[in-house]
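In what follows, every chain begins at residue 1, and chains take the letters A, B, ... in the order their sequences are listed.
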Amino acid sequence: MSSTISVRHGDASADLESGATAIQALKALEAVRGQIVAARVDGQEWDLDREVPDGAQVEGIAADSDEGRAILRHSTAHVMAQAVTDLFPNAKWAIGPPIEDGFYYDFDVERPFTAEDLDKIEARMVELLREKQRFVREEVARDDALTEFADQPYKTQIIELVGDGTIASAVDAPDAPEVTDGNVTFTVYRNVRPDQTVAWSDLCRGPHVPSTDRIPAFKLLRSAGAYWRGQEDQPMLQRIYGTAWESKKALTKHLEMIEEAKKRDHRKLGRDLELVHFPDELGPGLSIFLPNGAIVRKQMEDWIRDETLRRGYQPVYTPHIAKEDLWRISGHLENYGELMYPGMELEDGGGAAYRLKPMNCPFHILAFTSRTRSYRELPVRISELGTVYRYERSGVVNGMLRARGFTQDDSHIFCRPDQVVDEVADCVEFARDLYRAFGLGDPSRVAISTRPAKSIAGHDDKWEAAEAALIEAVQKTGLEYEIDPGEGAFYGPKIDIHARDAIGREWQLTTVQVDFNLPERFDVTYVGDDGAKHRPYMVHRALFGSIERFFSVMVESFNGAFPTWLAPVQAVVIPVADEFDGYADEVAAALRANDVRVEVDVADDTLGAKIRRGQTSKVPYALIVGASEREARTVAIRPYRGDQRKDVPLDEFVTEIDAEIRERRTDLDLP
RNA sequence: GCCGAGGUAGCUCAGUUCGGUAGAGCGCCCGCCUUGUAAGCGGAUGGUCAGGGGUUCGAAUCCCCUCCUCGGCUCCA
């Protein structure tokens, strides 16, 4: 062992005494930039106080990077577990990984945590941060780990499961020990007080921040039940969610974002703006589009109907129910029976029960097979705004984002194998146009999901070909994409497209899926140029995904203030006194003549109150009219967004708003 | 389905600890005012306290069951 080592950072290098730590290396290399929480040594995440090997390439991990925050949050989770242990000595620890925007830790405790418990735990954590405990990494032998955590059954399980290879993925145990080339390195992190006593130890892969006072800002958010290892047959643990940030300012910003999201909740705005209604009388997961919401929905439906026609789709209409036999043929009863509403027994049905449809596919297949099809007419694109009903489990229903009754802009494309790439690429382009039209910008993420472990037998060659086709199709569109291995449906691979809303949240909307299963089950064929029957490819696609869901995303993204072309009421005319009601009606009539949705506010209220009403109901334009406006046939415009304008000729405003609506402008300056 | 928290007027919520005649603000409706850019004044209406059962002289309040909502877990063809 040499007495000096050499370390590098990019092209720079430095010599250090053997045993030097990552932070010493970074300092020697003058590579410390801003606040750093850990290092990257030869590509691997590394504790700052851990020795670096000779010849190592060393970089700092910034506290305000995604990677740095994850480390910070992971460390905060440890501090939380220590605090929980202090307050609940019998608590057993499961896992405590960082997640997007925060962290959690699961505990097995005698009773669930209360809100007061969280306050106490948080207060205890603050004390622990002040203690400046160091995080000290120690490699331990498997048997020593088992001995040390003998009274921690979940840790013991992790050690055993990792040992026999059961836990391999981050999903199973995000902070499980590292496995390299089949060799497991078990590491324990000890929280050491300044007086060198050990406050707490946890089995953990690391790395961590150097000490607890390096956690600048955190907050515990909520507790909830969670199954051990995410499996329903495993014990229910109590999970505490928290968040941690590189600065108080960043934490405050995050908490404000959470508040903002709450304010924008489509269930709240849906009620306030009278868009939608969820009456108890209907049952869970079922909703009513009120007149205001129905206008927005109609714009969505009109757009998609026009565009599908333009792009060569053939609209069909199909019933909401069908005999159980249909669902037996399709395999839905067998595979998804639990997610279907129970059958309707009919007195004169000859024993046949009927079922509400959970999907439109079988109907579209029957539309296709209504006569013999030639290869010449492919691709055939059957399309429908199809309302489906799924008996979702009671705990998962959420407003219009996860409903039991919803409408898909559903299409099934039957095509030849050589047409799949073009068809799928067109679907992706179509989705992109749709997001643009409705103000959501470009897709934020395109994910291609490949064959899962549990998939239909055979078809190996088809899977390969279809996965390749999906990738080629997305490449054709020029969009970036990622592969989600094993996340495909059992009957075929799929593409999921996500969009980002105005406050940065990502939503899965569009899905494009290849289906090998149903064409077989229904024996779907076309006649090829050889006169023989061939099996077509079937592509299932829903661009909005669900109308209700997309609608909700728009409500939340626009904060209820829709672009003018979508707004339920596009302009409200406000007379300053009732002697100007007549002119107000004239203004409204001029707008109505151009198909503008306009109302006149003739209530016995002051001007201020009427303007306030216009603003709170988020109408794009308030038009104030009084003596001078009547005289000059103008309006004073107070837009929901932007600056006020006075003495605008009525004709000019009509032309402006008409153009804005016709062009479906969405280039709003969103707040 | 599982864990937890909830359900009082159209909305937001108080009242529940410790059982004793169901409240406020906003909205809606009606009047007065005749208004110049985010809340004028007055009045009226509005509740099977989620539903059912129990304890009690008496239940929004205590107990049990059911339904529904919310936050998570699981699930999302």
Side-chain angles (χ1 to χ4, degrees), chain A residues 104 106 109 111-115 117-118 221-241 262 265 267-268 271-272 274 277-285 327 330-340 358-361 388 390-399 401-404 406 452 454 487-492 494 496 508 511 513 515 517-518 540 542 545-546 549 574-581 603-617 622-629 636-640 643-646:
Chain A
Y104 66 79
D106 287 345
V109 281
R111 60 163 178 83
F113 296 109
T114 63
D117 291 337
L118 291 200
L221 298 175
R222 70 180 79 89
S223 66
Y227 300 111
W228 165 236
R229 299 185 57 219
Q231 292 168 16
E232 278 180 283
D233 56 352
Q234 297 287 331
M236 175 72 66
L237 306 174
Q238 293 303 316
R239 173 172 298 180
I240 302 178
Y241 284 94
K262 257 188 216 162
D265 191 304
R267 292 165 297 201
K268 177 181 158 45
R271 193 171 45 226
D272 292 350
E274 296 185 17
H277 190 209
F278 302 93
D280 285 348
E281 291 86 340
L282 290 184
W327 307 110
S330 70
H332 285 94
L333 276 180
E334 184 190 336
N335 294 310
Y336 314 108
E338 282 182 16
L339 278 162
M340 291 176 71
M359 293 187 81
N360 301 301
C361 333
V388 296
R390 302 178 185 180
Y391 194 71
E392 299 282 1
R393 293 168 80 175
S394 62
V396 306
V397 171
N398 178 288
L401 290 169
R402 186 80 181 270
R404 280 183 172 170
F406 60 95
K454 236 183 97 183
E487 292 298 312
F490 80 92
Y491 51 77
K494 63 173 180 175
D496 287 328
Q508 200 246 297
T511 184
Q513 315 186 341
D515 190 330
N517 187 41
L518 288 177
H540 165 122
S546 127
R549 185 176 158 79
I574 301 177
V576 301
D578 53 16
E579 71 170 284
F580 306 109
D581 285 1
D604 287 340
D605 279 317
T606 55
L607 179 62
K610 291 180 183 184
I611 287 181
R612 181 170 191 277
R613 192 152 51 231
Q615 290 285 307
T616 52
S617 56
L623 306 174
I624 292 95
V625 295
S628 60
E629 285 80 8
I637 305 170
R638 183 181 170 121
Y640 182 73
D643 299 326
Q644 297 173 30
R645 292 158 64 200
K646 293 197 171 168

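- Take the nearest nucleotide of RNA chain B for A:Arg612 and for A:Glu392: the residue whose nucleotide is more 5' is A:Arg612.
- Using a 30° and 60° split on the angle between ring planes, A:Tyr336 and A:Phe490 fall in the tilted class, from 30° to 60°.
- Looking at residues two or more places apart in sequence or on another chain, you find no salt bridge (Lys or Arg N to Asp or Glu O under 4.0 Å) involving A:Asp581.
- Residues passing the salt bridge (Lys or Arg N to Asp or Glu O under 4.0 Å) test with A:Glu579, sequence neighbours excluded: A:Arg630.
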Can you give me the N/O atom pairs linking the protein to nucleotides 29-36 of chain B at distances under 3.5 Å, or say none if there are none?
unit_1, atom_1, unit_2, atom_2, d
B:C33, N4, A:Asp604, OD1, 3.4
B:U34, O2, A:Asp578, N, 3.1
B:U34, O2, A:Asp578, OD1, 3.3
B:U34, N3, A:Asp578, OD1, 3.3
B:U34, N3, A:Asp578, OD2, 2.6
B:U34, O4, A:Asp578, OD2, 2.9
B:U35, O2', A:Val576, O, 3.3
B:G36, O6, A:Ala627, N, 2.7
B:G36, N1, A:Glu629, OE1, 2.8
B:G36, N1, A:Glu629, OE2, 3.4
B:G36, N2, A:Glu629, OE1, 3.4
B:G36, N2, A:Glu629, OE2, 2.5

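- For the pair A:Phe490 CZ and B:C75 C1', the interatomic distance rounds to 16 Å; values are reported in whole Å.
- Every residue was checked against the salt bridge (Lys or Arg N to Asp or Glu O under 4.0 Å) condition with A:Arg638, not counting sequence neighbours, and none meets it.
- Scanning for side-chain hydrogen bond (donor to acceptor under 3.5 Å, both in side chains) contacts around A:Asn398 gives an empty result, with sequence neighbours left out.
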Please list, pair by pair, any protein nitrogen or oxygen found under 3.5 Å from a nitrogen or oxygen in nucleotides 68-70 of chain B.
unit_1, atom_1, unit_2, atom_2, d
B:C68, O2', A:Asp280, OD1, 3.2
B:C70, OP1, A:Arg267, NH1, 2.9

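- Remark: A:Tyr391 pairs with A:Tyr341 by the ring pair (Phe, Tyr, Trp, His ring centres under 6.0 Å) rule, at least two apart or across chains.
- Under the ring pair (Phe, Tyr, Trp, His ring centres under 6.0 Å) criterion, A:Phe278 pairs with no residue at all, not counting sequence neighbours.
- In this entry the distance linking CE of A:Met340 with C1' of B:C75 reads 17 Å, nearest Å.
- With sequence neighbours left out, the side-chain hydrogen bond (donor to acceptor under 3.5 Å, both in side chains) criterion links A:Ser617 to no other residue.
- For A:Arg390, there are no salt bridge (Lys or Arg N to Asp or Glu O under 4.0 Å) partners two or more places apart in sequence or in a different chain.
- Residue-to-nucleotide contacts include a donor-acceptor pair under 3.5 Å from the side chain of A:Tyr227 to the base of B:G1.
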Scoring nucleotides 10-16 of chain B by protein non-hydrogen atoms under 4.0 Å (B base, S sugar-phosphate only, - none) yields -SS----

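- For B:G7 and B:G47, the C1' atoms lie 14 Å apart once the distance is rounded to whole Å.
- Judged as a side chain to side chain contact (heavy atoms under 4.5 Å, CB included), and not counting sequence neighbours, the contacts of A:Thr616 are A:Arg612.
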